[in-house]
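One structure coming up, written as structure tokens, with questions to follow.
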Amino acid sequence: MNKLNMMILLKKHIFFIALVWVTFCYSGLYAASLDSGYPDQIVLSVSEDLSTSVSVSWRTDESMSSSTLQIAREHSRFNIADSATTHLAKSELLEFKGLRTWHHAVLLEGLDAQTTYVYRVGQGEKWSEWINFTTTGGSEATLKFVYFGDVQSNIKSMWSRIAKQSIRTIPDAQLILYAGDIVNRGNNLHEWEDWFYASGGMHQSIPIMPASGNHDHGDSHAGVYGISEYWNKQFKLPNNGAAGLEGTSYYADVQNVRFVVFNTEMFNTYEKNREDQVQWLEEVLAQNKQPWLIMLFHHPIFSTKKNRDNIELRNLIKPLIDKYKVDLVLQGHDHTYARGKDKVPMTGDEQSHTTYVVSVSGPKMSEVQEADWMDRSASFTQLFHGVEVQHDKLIFSSYKVNGDLLDTFTILKTRGVNTIIH
């Protein structure tokens, strides 16, 4: 064999090895944390009423087709199992990209408000650790939550820093919101594994409220474009959304706030999803009886990045935001930070009731395209946000990855009118 043929053969072998490695890492076969039936990927998801209920979901390998949850009031003694009640999970098999995994979920109901519970998941000899969580209070209690913009890239190596810092800065957070693009490729299990690792188990104790972004979507086995195959297995969210978009459009009343989440990716992609969501949004906003109304979605009403403008979203959704006096809109997608209220464009002499925020938490960042509506902006800065909602006051704080405060503002609500203090 001459030297040229040897080089060609060597290149073919290198290409084959590289192809096998890429297939292993990125086709969904990566499942390093699965270990002979032990549960992992344990997540609390927001329910319709977090004062009395919460959803718990987790994953096992294909050897465990059923699983259970045990729960008790936290009593700081070692014999927790003696007083625990046992709940059989609803279990679903996911066969995707060559991997078979079981996904289990329990909706815990009838809990007492402002009470700490302890739970574990598994069965037989294979259990998770015991984990504490606390239910929220009534409508008069103060609510504290964390809000993240896009995570998306370098999740394990760089986003993990901001996840850890958020809990150090706001240790009493009761809820964690994501404005979409939690991963870069929605059907890539490797990236979801990185996110579970980077979040450090905080969602085992603090419920998640995610909006879905364009990168959280992908093609199904049948080639139909929609939310990631993993999304509705991992997150068991309220089943009260627009038809066909369960798990990515929903609402929840948490203490004195109605949170409304909808799917802007499917809004932008399919006319039927657009029409259904607009109708659903109007009903949900009109029925609100909470003093505070917050919306969470991915594509921003007012873009902050050059050459981006979601005109149809703004034309159809902003009139609903104005009509029903949404207090705060939390968004992502543009990989920058900006917020504004008093200079937001309105018709006639009206002034915006709503404060709009766009943010990014991961290391994929862009430069802000400055616009008149903005009161404050920042480029190339990873951020997380702490929000405290009282009966007549909302305090919003923006923090850098080292915990330093970048920006803060307060919304005062007086007889239904919002005044912002910078």
Side-chain angles (χ1 to χ4, degrees), residues 22 25-26 28 30 146-167 169 176-200 202-203 208-218 227-228 230-231 234 248 263-265 268-269 296-310 313 329-339 356-371 374 376-385 398-404 406-407:
V22 169
C25 287
Y26 294 106
Y30 181 92
V146 173
Y147 149 55
F148 292 119
D150 300 37
V151 179
Q152 192 168 338
S153 62
N154 297 106
I155 301 170
K156 188 173 182 179
S157 62
M158 295 192 70
W159 182 79
S160 57
R161 299 187 307 146
I162 210 159
K164 292 181 176 69
Q165 185 61 53
S166 70
I167 299 306
T169 302
I176 298 179
L177 279 59
Y178 290 83
D181 284 2
I182 297 177
V183 294
N184 189 46
R185 288 162 292 187
N187 283 333
N188 187 293
L189 181 57
H190 178 81
E191 294 179 10
W192 285 111
E193 295 276 357
D194 280 354
W195 176 76
F196 276 102
Y197 175 92
S199 61
M202 64 184 176
H203 294 301
I208 185 173
M209 179 183 287
S212 59
N214 50 302
H215 286 273
D216 301 314
H217 289 70
I227 192 61
S228 159
Y230 301 110
W231 185 275
Q234 296 167 167
T248 61
N263 187 330
T264 55
E265 175 64 8
N268 292 333
T269 305
L296 173 71
F297 50 85
H298 185 60
H299 297 80
I301 297 294
F302 298 100
S303 291
T304 61
K305 187 177 178 181
K306 189 176 181 180
N307 297 325
R308 284 187 175 177
D309 191 10
N310 303 302
L313 180 71
V329 173
L330 303 175
Q331 306 148 110
H333 189 58
D334 284 348
H335 300 272
T336 62
Y337 173 66
R339 53 99 172 170
Y356 295 84
V357 182
V358 179
S359 189
V360 58
S361 63
K364 180 183 176 182
M365 296 172 286
S366 300
E367 184 174 0
V368 168
Q369 178 74 19
E370 296 293 344
M374 299 175 183
R376 182 70 193 271
S377 64
S379 301
F380 304 110
T381 308
Q382 283 182 261
L383 295 170
F384 67 93
H385 311 276
S398 302
Y399 298 94
K400 299 179 184 179
V401 72
N402 63 357
D404 288 349
L406 173 83
D407 182 29

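On a predicted model such as this, the values are computed, not experimentally measured, just so you know. Excluded from the calculations below are hydrogen atoms, water molecules and symmetry mates; all remaining heavy atoms, backbone and side chain alike, are included.
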Quick one: does W159's side chain have a donor or acceptor within less than 3.5 Å of a partner on S199's backbone?
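Not at all, since once roles are kept as given, no pair shorter than 3.5 Å links the two residues.
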
Result of checking W195, W231, F384, F297 against Y178 for ring-ring contact (aromatic ring centres under 6.0 Å, His included)
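Going through W195, W231, F384, F297 one by one, the ring-ring contact (aromatic ring centres under 6.0 Å, His included) with Y178 is satisfied by W195 alone.
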
Side-chain donor or acceptor of T336 paired with backbone N/O of S379 under 3.5 Å
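Checking the backbone N and O of S379 against the side chain of T336, no donor-acceptor pair under 3.5 Å is found.
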
When rounded to the nearest 0.5 angstrom, what distance separates CD1 in I176 from OH in Y147?
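So the gap between those two atoms works out to 14.5 Å.
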
Separation between CG of D194 and OG of S153, rounded to the nearest 0.5 Å
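If I round to the nearest 0.5 Å, the distance is 11.0 Å.
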
Looking at E265, is its backbone amide N or carbonyl O close enough to the side chain of N214 to form a donor-acceptor pair, meaning the two atoms are under 3.5 Å apart?
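No, N214 side chain to E265 backbone: no donor-acceptor pair under 3.5 Å.
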
Is there a side-chain contact between T264 and L313, using heavy atoms and a 4.5 Å cut-off?
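In contact.
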
Quick one: does any side-chain atom of H217 pair with a main-chain N or O of S228 as donor and acceptor, under 3.5 Å?
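Between the backbone of S228 and the side chain of H217 there is no qualifying donor-acceptor contact (under 3.5 Å).
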
Could you give the distance from CZ (R308) to NE2 (H333), rounded to the nearest 0.5 Å?
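One gets 3.5 Å once the value is rounded to the nearest 0.5 Å.
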
Just wondering, do L406 and R376 contact through their side chains at under 4.5 Å, heavy atoms?
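The answer is yes; the side chains approach within 4.5 Å.
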
What's the shortest heavy-atom distance between I155 and I182, and which atoms?
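Reported closest heavy-atom pair: CD1-O, 3.6 Å.
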
Any side-chain heavy-atom pair from Q369 and S303 closer than 4.5 angstrom?
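Result no, sub-4.5 Å side-chain heavy-atom pair not found.
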
Steps toward side chain to side chain contact (heavy atoms under 4.5 Å, CB included) verdict (Q234, W192):
CA-CA 10 Å; Q234 296 167 167; W192 285 111; 3.5 Å; yes

When rounded to the nearest 0.5 angstrom, what distance separates OG in S366 from CZ in F380?
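If I round to the nearest 0.5 Å, the distance is 6.5 Å.
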
Of the non-hydrogen atoms in T169 and G403, which two are nearest, and what is the gap between them?
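Of all heavy-atom pairs spanning T169 and G403, the closest is OG1-CA, 4.3 Å.
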
Test item: Q331 side-chain N/O and Y356 main-chain N/O as donor-acceptor pair under 3.5 Å:
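Checking the backbone N and O of Y356 against the side chain of Q331, no donor-acceptor pair under 3.5 Å is found.
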
Run the numbers on D216 and I227 for side chain to side chain contact (heavy atoms under 4.5 Å, CB included), then give the verdict.
CA-CA 6 Å; D216 301 314; I227 192 61; 4.2 Å; yes

Shortest non-hydrogen contact from S166 toward M202:
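In terms of heavy atoms, the two residues are closest at OG-SD, 4.5 Å.
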
Tell me every residue that passes salt bridge (Lys or Arg N to Asp or Glu O under 4.0 Å) with D181, counting only those two or more places apart in sequence or in another chain.
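For D181 there are no salt bridge (Lys or Arg N to Asp or Glu O under 4.0 Å) partners, ignoring immediate neighbours.
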
Gap between atom OH of Y399 and atom OG of S361 - 0.5 Å precision
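Rounded to the nearest 0.5 Å, the OG-OH separation comes to 16.0 Å.
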
Of all heavy-atom pairs between S160 and A198, which one has the smallest distance, and what is that distance?
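Closest approach of S160 to A198: CB-CB, 3.7 Å.
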
Looking only at side-chain N and O atoms, does T381 offer a donor or acceptor that is under 3.5 Å from a partner on Y337?
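No, no side-chain donor-acceptor contact under 3.5 Å.
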
Hey, which of R339, H385, Q382 is the one that makes side-chain hydrogen bond (donor to acceptor under 3.5 Å, both in side chains) with S359?
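Of the listed residues R339, H385, Q382, the side-chain hydrogen bond (donor to acceptor under 3.5 Å, both in side chains) partner of S359 is H385.
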
Who pairs with Q152 by side-chain hydrogen bond (donor to acceptor under 3.5 Å, both in side chains), at least two apart in sequence or on another chain?
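Q152 satisfies side-chain hydrogen bond (donor to acceptor under 3.5 Å, both in side chains) with N184, H215, H335 once adjacent residues are dropped.
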
If I take atom CG from residue L296 and atom OG from residue S212, how far apart are they, to the nearest 0.5 angstrom?
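Here the interatomic distance stands at 9.5 Å.
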
Measure the shortest side-chain to side-chain distance between M374 and T304 over non-hydrogen atoms and say whether it is less than 4.5 angstrom.
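Result yes, sub-4.5 Å side-chain heavy-atom pair found.
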
Nearest heavy atoms of P300 and V358, plus distance in Å:
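That closest heavy-atom pairing would be CB-CG2, 3.7 Å.
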
